[in-house]
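Notes to accompany the following structure.
Because the structure is a prediction, the values reported are computed rather than measured. Chain naming here is simple, since letters A, B, ... match the order of the sequence lines and numbering starts at 1 in each.
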Amino acid sequence: MGQIKLNQVSKSFGDVEVIPPLDLTIEDGEFTVFVGPSGCGKSTLLRLIAGLEDITSGHIDIDGTDATHVPPAKRGLAMVFQSYALYPHMSVRKNIAFPMKMAGVPAEEQQRRIEAAAKALNLTDYLDRRPGQLSGGQRQRVAIGRAIVREPSAFLFDEPLSNLDAALRVGMRLEISELHKRLATTMIYVTHDQVEAMTMADKIVVLRAGYIEQVGTPLELYYKPRNEFVAGFIGSPKMNLIKGPEAEARGAPTIGIRPEHFDVSTTEGAWEGTIGVAEHLGSDTFLHIHGVAGCDPMTVRVDGELSVKHGDRIFLTPQADKLHRFDAQGLRVE
Amino acid sequence: MATQHSRSAARLMMAPAVVLLLGWMLIPLTMTLYFSFKKYLPMRGGDLGWVGFDNYVRFVTSSAFWPSVMTTLIIVGGVLAITVGLGILLAILLNQPMWGQGFVRILVIAPFFVMPTVSALVWKNMFMDPNYGLFAHLWEFFGATPVQWMSQASLSSIVIIVSWQWLPFATLILLTAIQSLDREQLDAAEMDGAPATKRFAYITLPHLGRAITVVILIQTIFLLSIFAEIFVTTGGAFGTKTLTYLIFQRVLESQNIGLGSAGGVYAIILANIVAIFLMRIVGKNLDA
């Protein structure tokens with residue numbers, strides 16, 4: 001079991017309210033991602049759940065029991081930190097054994113769990129090394145190993161991949177996803193990277209300045225963003241938000257159109273513009289187009305084989321059924 | 001310093017400093033060795049010629065030698081234990097966020113700026129004097145007989161005085177070390193179920209290992225040669241004669257330069273033995 005329920009939870013540091021009262025339920029076995037720009041309170045929220053910070057008001061239920069004043073170690077949660085927080089003077093084996101040693105797990109059982117975790121995480125050959133002798137990805141795996149052996153009811157990840165290089169990040173992303181499928185344990189994952197959120201989550205919680213902007217599956221957020229902020233934050237490259245007469249003509253103060261939802265032509269279309277920068281990724285090309293009223297530059301995704309270059313004239317037609325409309329307050333209009 | 005030319009230029013420019021340092025070390029050392037083989041009594045005939053190892057034998061066989069070695073080791077060991085122990089406690093305390101932190105830190109460091117002679121006199125007269133010292137009043141307040149610190153607890157008195165002087169140094173080094181401890185490691189240990197005492201034992205203390213080593217090594221160097229604190233308090237009486245003090249007495253009170261020089265050579269040997277032991281015990285903390 002690993003259901004976590006936040007009930008009117010808020011947090012203030014002195015006079016500054018970092019998290020206004022919020023409600024949130026994370027179901028058992030769910031992979032939930034907190035995503036938002038830096039400083040949106042997502043890490044603070046995670047630390048509140050972990051018990052590393054005291055909440056200012058409200059209460060937290062874990063598995064149906066009130067855990068608001070339960071110390072971190074007794075909440076049955078394991079956490080993986082951004083800096084990995086491995087103990088530098090202990091070997092990998094001792095690092096992984098540490099939580100079990102603190103909990104008084106018998107030595108044979110410790111041994112068994114360490115072996116199992118090391119095997120699952122490809123760490124068997126490194127058990128007697130110190131963290132300082134490992135690469136970033138290996139350290140990350142040790143941190144995960146230390147979390148696994150506790151057999152927690154939920155895992156908490158605090159931006160665990162942000163210290164890794166891009167290639168390794170993609171690999172670890174997959175490994176964590178596979179781990180979740182295998183263990184089927186609740187996981188809460190904090191990141192500022194919407195790609196990580198989209199690829200890993202069962203449920204995404206988009207946060208801004210402590211407020212929950214939207215909760216939903218990755219595709220719900222992608223297809224039906226509740227407001228302009230979510231629309232702009234989810235999806236890469238970002239959605240084009242168009243204001244002014246062109247938007248009014250389509251029935252809303254602001255319209256949004258994703259870069260992939262354009263019909264592109266060199267001869268005719270609704271809007272005409274000049275290609276600024278063309279980013280060629282091979283499979284796709286991202287065009288930054290200048291001169292379209294209400295949105296400059298407009299980002300457009302076209303097929304990688306379309307041969308266009310800087311300075312070319314180009315015509316765009318937004319696909320009418322893929323338009324997002326937002327009212328004056330930035331809320332979605334159906 | 002990549003090219004041959006720049007390397008030789010660098011050597012040339014460093015030469016004056018190196019020669020100066022070498023002279024600084026070699027001249028006193030050679031002179032000590034030179035005098036240690038002579039019978040040299042400035043007030044009683046001056047240079048009376050070579051005597052071989054006579055001075056060395058006399059210095060070791062004197063009844064004051066082994067007690068002075070023991071005293072030296074007790075003072076060094078005692079001061080190290082007190083300063084490192086209290087230093088860790090103070091460092092942890094000063095690392096807590098509190099009101100007036102900067103001011104408190106300056107207060108803690110202050111004793112280090114007081115000259116050894118002055119601080120020993122202050123302690124001797126203001127705190128430890130059996131008639132009008134602060135401690136005497138304190139003892140009387142509780143109806144006890146004041147301790148005659150300088151005669152009854154002479155060695156402990158000196159250990160206390162010297163510890164007071166060196167505590168700021170230990171605290172300062174340990175405080176900077178504690179400040180570099182990654183918060184997330186403590187958070188992780190807390191999540192892992194370690195209570196405060198175990199977090200200290202398993203995370204903080206190992207993290208401080210290297211700093212403690214530095215404190216011990218540096219303090220030992222200076223503690224082996226403390227002199228002023230003994231000179232102004234007990235004057236070497238009541239079993240407070242360290243090796244350094246014994247040498248001083250041989251040279252200046254007995255006016256026997258040869259004997260004192262031989263003692264100086266023993267002091268070098270003792271310092272090296274202590275250094276080797278320390279390096280063996282704590283030195284391994286310094287690598288990697």
Side-chain angles (χ1 to χ4, degrees), chain A residues 13-14 43 46-53 70-91 94-105 129-133 139 142-152 154-160 163, chain B residues 84-85 87-88 91-92 95-102 173-217 278-288:
Chain A
F13 290 107
S43 283
L46 194 74
R47 290 172 66 85
L48 290 177
I49 295 173
L52 293 171
E53 303 276 355
V70 175
K74 301 265 187 293
R75 295 192 182 193
L77 309 174
M79 186 151 168
V80 175
F81 292 85
Q82 181 171 4
S83 66
Y84 319 132
L86 299 178
Y87 312 128
H89 50 275
M90 296 183 200
S91 66
K94 285 193 178 146
N95 260 285
I96 297 178
F98 190 74
M100 296 189 283
K101 191 171 159 188
M102 290 299 124
V105 175
R129 293 210 196 163
R130 296 274 183 99
Q133 297 164 308
R139 283 182 216 184
V142 176
I144 294 173
R146 193 172 64 185
I148 289 178
V149 291
R150 295 184 54 193
E151 300 179 349
F155 289 92
L156 312 177
F157 293 94
D158 187 6
E159 308 215 19
N163 286 347
Chain B
V84 170
I88 292 174
I92 291 174
N95 195 36
Q96 309 296 324
M98 58 175 169
W99 187 82
Q101 196 171 40
I173 300 231
L174 294 169
L175 179 63
T176 53
I178 239 175
Q179 283 170 337
S180 71
L181 177 58
D182 182 10
R183 271 286 339 157
E184 286 199 338
Q185 275 182 32
L186 290 175
D187 284 346
E190 195 180 348
M191 294 286 297
D192 284 345
T197 48
K198 286 193 174 162
R199 286 205 292 278
F200 173 75
Y202 286 103
I203 313 294
T204 312
L205 205 54
H207 176 78
L208 289 180
R210 203 176 291 189
I212 292 173
T213 311
V214 169
V215 167
I216 290 178
L217 287 179
L278 279 177
M279 284 307 220
R280 277 280 165 82
I281 300 164
V282 293
K284 63 175 186 290
N285 272 338
L286 282 178
D287 33 75

| field | M102(A) side chain near K198(B) side chain, heavy-atom distance below 4.5 Å | value | yes

| query | Less than 4.5 Å apart, any side-chain heavy atom of M90(A) and any of P206(B)? | reply | no

Without placing hydrogens or testing angles, list every side-chain donor-acceptor pair under 3.5 Å for residues 78-86 of chain A, not counting sequence neighbours.
residue : atom : partner : partner atom : Å
Q82(A)  : NE2  : S162(A) : OG           : 3.0
S83(A)  : OG   : D182(B) : OD2          : 3.2
S83(A)  : OG   : E184(B) : OE1          : 2.4

| query | What's the shortest heavy-atom distance between M191(B) and L77(A), and which atoms? | reply | CE-O, 3.6 Å

| message | salt bridge (Lys or Arg N to Asp or Glu O under 4.0 Å) for K101(A) and D192(B)? Distances and angles first, verdict last. | response | CA-CA 9 Å; K101(A) 191 171 159 188; D192(B) 284 345; over 6 Å; no

| note | Taking a cut-off of under 4.5 angstrom between non-hydrogen atoms, the residues of residues 142-150 of chain A near chain B are R146(A), R150(A)

| said: Which atoms of A50(A) are under 4.5 Å from chain B, going by heavy atoms: the side chain, the backbone, both sets, or neither? | reply: both

| field | R75(A) versus chain B, the contacting section by heavy-atom distance below 4.5 Å | value | neither

| field | side chain to side chain contact (heavy atoms under 4.5 Å, CB included) assessment of F98(A) paired with Y202(B) | value | CA-CA 9 Å; F98(A) 190 74; Y202(B) 286 103; 3.6 Å; yes

